[in-house]
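Letters A, B, ... mirror the listed sequences (proteins, then strands); counts begin at 1. Small disclaimer: the values here were computed from a predicted structure and weren't measured.
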Amino acid sequence: MIHRTSTALRLARRRKVADDVVALTLEAADGGRLPDWEPGAHIDLILPAGGAGAGMVRQYSLCGDRWKPCEYTIMVQREPDGRGGSAALHDEVAEGDLLGFGGPRNNFRLAPAEEYLFIAGGIGITPLLPMIEQANRLDVAWRLLYLGRSASRLAALDRLAVLAGDEDRVTVHDADRLGRADLESWRPKDPAVRVFACGPVRLLDAIEAWGAVPGGLPPRIERFTAQNGDGPTPAAFEVIASRSGVTAQVGESESVVDALRRAGVDIITSCAKGVCGTCETDVLEGTPDHRDSLLDDHERALGDCMFPCVSRSRDPRLVLGI
Amino acid sequence: MTTTPSPAATPAAPSAAVPHLDIDPFSEEFLADPLPFHERLRETAPVTYLDSHGVYAVARYDDVHRALIDWQGLQSAAGVGLANFRREKPWRPPSVLLEADPPRHDAPRSVLAKLLSPRRLRVLEAQWRSDARDVVDELLSRGREFDAVTDLAEVFPLRVFPDAIGIGQEGREHLLPYGDFAFNAFGPQNRLVTQAQETIGPTMAWIGEQCRRESLSSHGIGAQIWAAADRGDITTEQAPLVVRSLLTAGVDTTVTGIASVLHMMADRPEDWRRVREDRSLLPRVFEEAVRLESPVQTFFRTTTQTIEIAGVRIPADEKVLMFLGAANRDRRRWEDPHAFDLDRDPSGHVGFGMGIHQCVGQHIARLEAVSVLDALLDRVAALESAGPVRRHLNNTLRGFESLPMRLTAA
């Protein structure tokens, strides 16, 4: 479903960056600024109707340059066992097509440290790339262990070489050639080193089990969990302002705020991008389709409030406490 | 300037000329009544140059909004006042929020934004509403005439805000002078700054003391900021500076916001009655007052590169002064911009700024103002002015010294 410009992205460019991995450059449908983000952030991408995985929500870490405010970059690995989402982004969505999106949200913030150890498994490199750039920008020492089945499947090796410069910071472990990595040998002993990791579940389980070095902090990992309310959402739906009893039809190219304003009910907004929190509204009935940057997974699952400047509905009818 | 630029420096397209204005936005004449000056700033051109301080200025809504959200081109770490921190030493260690850019800005901002989100503030709401009722009861017990600044707008935030942060009872009288000084310090070294400089030392020392972990009660927002440092979300060096940001920007601003909405609602019996009967209008009442009065009038940015605003090219390393108050009364954005209109949707005003530096305490400001107004509406049938309005001059804030009022109990 393609919604209003503030929740739609246009695929500007797609290029192959490794075996079975493409990088997508996405721009705002209106060509303007996109909501700001920080390293570790991801967007929720809503797969287009008519293709594989229609209406499904997929999370992709942002791995571009946030000093370019009008574009996002994500990398997508083809998942042969997946439900078709990655295949659609590889094969079906054409340059110029629109995709619905939510966020960006950040459950994996880069926290300050004296030194970083980044550990990536395969496509798990994506959230770590902007973190590594940030470490460079802040002149903080870092190392990266990059694990994969074969080097030809690992994205961004050239970019990492540039980021490492003259220093020996990146270790690529090619399992096809070298067998299983000795992860334990990478376990930090120095409490000043903080670990940030993203990759397959088994890798993350092992790293999480390290816990904190005495005097240090536990590793931080990014796990993409199943989405609440995955699946197609209605293009248009009904919204009811319970206090005034006003009912409005929300069309597919307008926001809940727009529709209610048309019906004579104003919700005060400020940023209108799901970032500032001004328009927070109680949800009494129906399941919101959250598109904001504010709520964490737990808060989203509660389903008791939403930000109607961007968020929509998973049900045909949504009752708000206004 | 009549020099011919070298071919390499010739811009691709000619930049529109920037008119110079002889306006000093920090003169006492300007601060006492900025509106006629705003009109000149807005109507002369999208971008003007103020010879008084050697800075560029924007005053139209679209241009102010554009400057606010473009943190890449217009940075804050070189100071959001007149001083350029690349060349001048700040009067205190810079704020890790207001006077920081990404990436350093990220961690403190995300910690504070979470702690001050509407969802987190819900735990304070019942207490604040009860405190508001007490403050209004005390006010009514003293008779019909009162000063809306000293008897109400200052009383309520000073009662609830330091408690929420978790600072002790002693020394709270330092909070208002500290905020006043900090907001003056964004301007030049004029009388407003130099006069206070002589006495601000002990106040600064007291503020510094309150930011320490040991000074903060275990359950307030201040302690939660230190807990974020324990989790490693921010550093232990950043934690006291994040607390300091709350103490700097959290009191004078909300006092001014509450005074502004009382000033707007006085002598409007129709609006008063209407809001008494329909409290769902309260958020709009406050936003409309913030739009019109714009308690925070101005902030500066510094260009990181040559940037373009409304077709005007501004070179790198220049100070750009954004007139939030003027933008909020721009007829290009607002119909009948000078009217206080409860049928207007004030969404999108820039009274709290916009973008990554937008007021992180805006939900506190709203909750305080709505709590105190709601309590007042419960017990007061009419509110009228009872004497001359006296403005409090500050280089950044547009506030009040005195708002004499008379109320009619319900």
Side-chain angles (χ1 to χ4, degrees), chain A residues 32-33 35-41 65-70 106 109-114 130-131 133-138 140 194 212 216-218 220 241 243-244 257 261 264-273 275-281 293-296 299 302 304-305 307 309 322, chain B residues 66 69-73 101-111 113-114 116-122 228-238 278-284 286-288 290 304-305 343-356 358-360 362-363 366:
Chain A
R33 284 182 72 98
D36 292 305
W37 58 281
E38 302 87 42
D65 178 1
R66 60 177 162 148
W67 270 260
K68 292 180 180 166
C70 300
N106 202 331
R109 290 184 179 278
L110 184 63
E114 289 168 46
M131 293 188 177
E133 293 196 340
Q134 181 138 317
N136 272 358
R137 205 176 261 275
L138 292 167
V140 177
R194 292 188 76 170
L217 293 155
R220 292 211 169 166
R243 276 193 226 151
S244 50
V257 168
R261 191 171 285 155
V265 178
D266 290 342
I267 297 177
I268 291 173
T269 65
S270 181
C271 74
K273 286 177 185 289
V275 173
C276 73
T278 300
C279 64
E280 189 185 274
T281 303
S293 298
L294 290 144
L295 299 180
D296 60 31
E299 291 164 337
L302 291 176
D304 60 351
C305 80
F307 299 92
C309 67
I322 51 166
Chain B
R66 179 240 174 278
I69 61 177
D70 179 11
W71 58 264
Q72 291 94 341
D101 297 325
R104 286 189 169 78
H105 176 259
D106 300 342
R109 173 75 190 198
S110 69
V111 164
K114 194 83 193 169
L116 305 183
S117 68
R119 186 164 279 269
R120 293 294 186 95
L121 295 180
R122 279 179 200 175
D230 293 341
R231 284 195 305 274
D233 292 342
I234 50 174
T235 66
T236 50
E237 291 76 31
Q238 288 170 331
D278 180 5
R279 303 299 171 90
S280 74
L281 287 167
L282 270 175
R284 192 190 308 212
F286 181 60
E287 298 301 320
E288 177 68 344
V290 171
T304 59
Q305 60 202 40
D343 291 311
R344 179 201 307 282
D345 181 351
S347 293
H349 72 71
V350 290
F352 290 116
M354 200 58 74
I356 64 168
Q358 192 180 31
C359 176
V360 73
Q362 59 182 298
H363 308 298
R366 294 191 175 106

> Is A/Asp36 salt-bridged to B/Arg109, going by a charged N under 4.0 Å from an acidic O?
Replying inline: no

> Listed by chain and number, what are the side-chain contact (heavy atoms from CB on, under 4.5 Å) partners of A/Leu138, not counting sequence neighbours?
Replying inline: A/Gln134, A/Val140, B/Pro103, B/Arg104

> Which atom pair, heavy atoms only, marks the closest approach of B/Ala107 to A/Pro112?
Replying inline: CB-CD, 4.3 Å

> With a 4.5 angstrom heavy-atom cut-off, which part of A/Pro218 approaches chain B: side chain, backbone, both or neither?
Replying inline: neither

> Between B/Asp233 and A/Arg220, is there a side-chain N and carboxylate O pair less than 4.0 Å apart?
Replying inline: yes

>> Could you check whether atom CD of B/Gln305 has more than 12 heavy atoms from other residues, nucleotides or ligands sitting under 6.0 Å from it?
In response: yes

> Closest heavy-atom contact between A/Leu217 and B/Asp230?
Replying inline: CD2-O, 3.6 Å

> side-chain contact (heavy atoms from CB on, under 4.5 Å) with B/Asp345: which of A/Asp266, A/Val257, A/Thr269?
Replying inline: A/Asp266

>> Please classify the contact between A/Ile322 and chain B as side chain, backbone, both or neither, with a heavy-atom cut-off of under 4.5 Å.
In response: neither

> Looking at B/Arg366, B/Arg284, B/Arg119, B/Met354, which makes the most heavy-atom pairs under 4.5 Å with chain A?
Replying inline: B/Arg119

>> For B/Ser347 versus A/Ile268, what's the shortest heavy-atom pair and its separation?
In response: OG-CA, 3.4 Å

>> Quick check on the interface: out of A/Ser270, A/Cys305, A/Cys279, who has the most heavy-atom pairs with chain B under 4.5 Å?
In response: A/Ser270

> If only atom types and distance count, is the side chain of A/Arg194 paired as donor or acceptor with the main-chain N or O of B/Gly232 below 3.5 Å?
Replying inline: yes

> Considering only heavy atoms from C-beta outward, does the side chain of A/Cys271 approach that of B/Ile69 to under 4.5 Å?
Replying inline: no

> What part of B/Thr235 lies closer than 4.5 angstrom to a heavy atom of chain A: side chain, backbone, both or neither?
Replying inline: both

> Among B/Ile234, B/Ile356, B/Asp70, who wins on heavy-atom pairs under 4.5 Å with chain A?
Replying inline: B/Asp70

> Considering residues at least two apart in sequence or located in another chain, which fulfil the salt bridge (Lys or Arg N to Asp or Glu O under 4.0 Å) criterion with A/Asp296?
Replying inline: B/Lys114

> Within a strict 4.5 Å, meaning less than it, do heavy atoms of the B/Gln358 and A/Thr278 side chains meet?
Replying inline: no

>> Measuring only between side-chain heavy atoms, which start at C-beta, is B/Pro102 closer than 4.5 Å to A/Arg66?
In response: yes

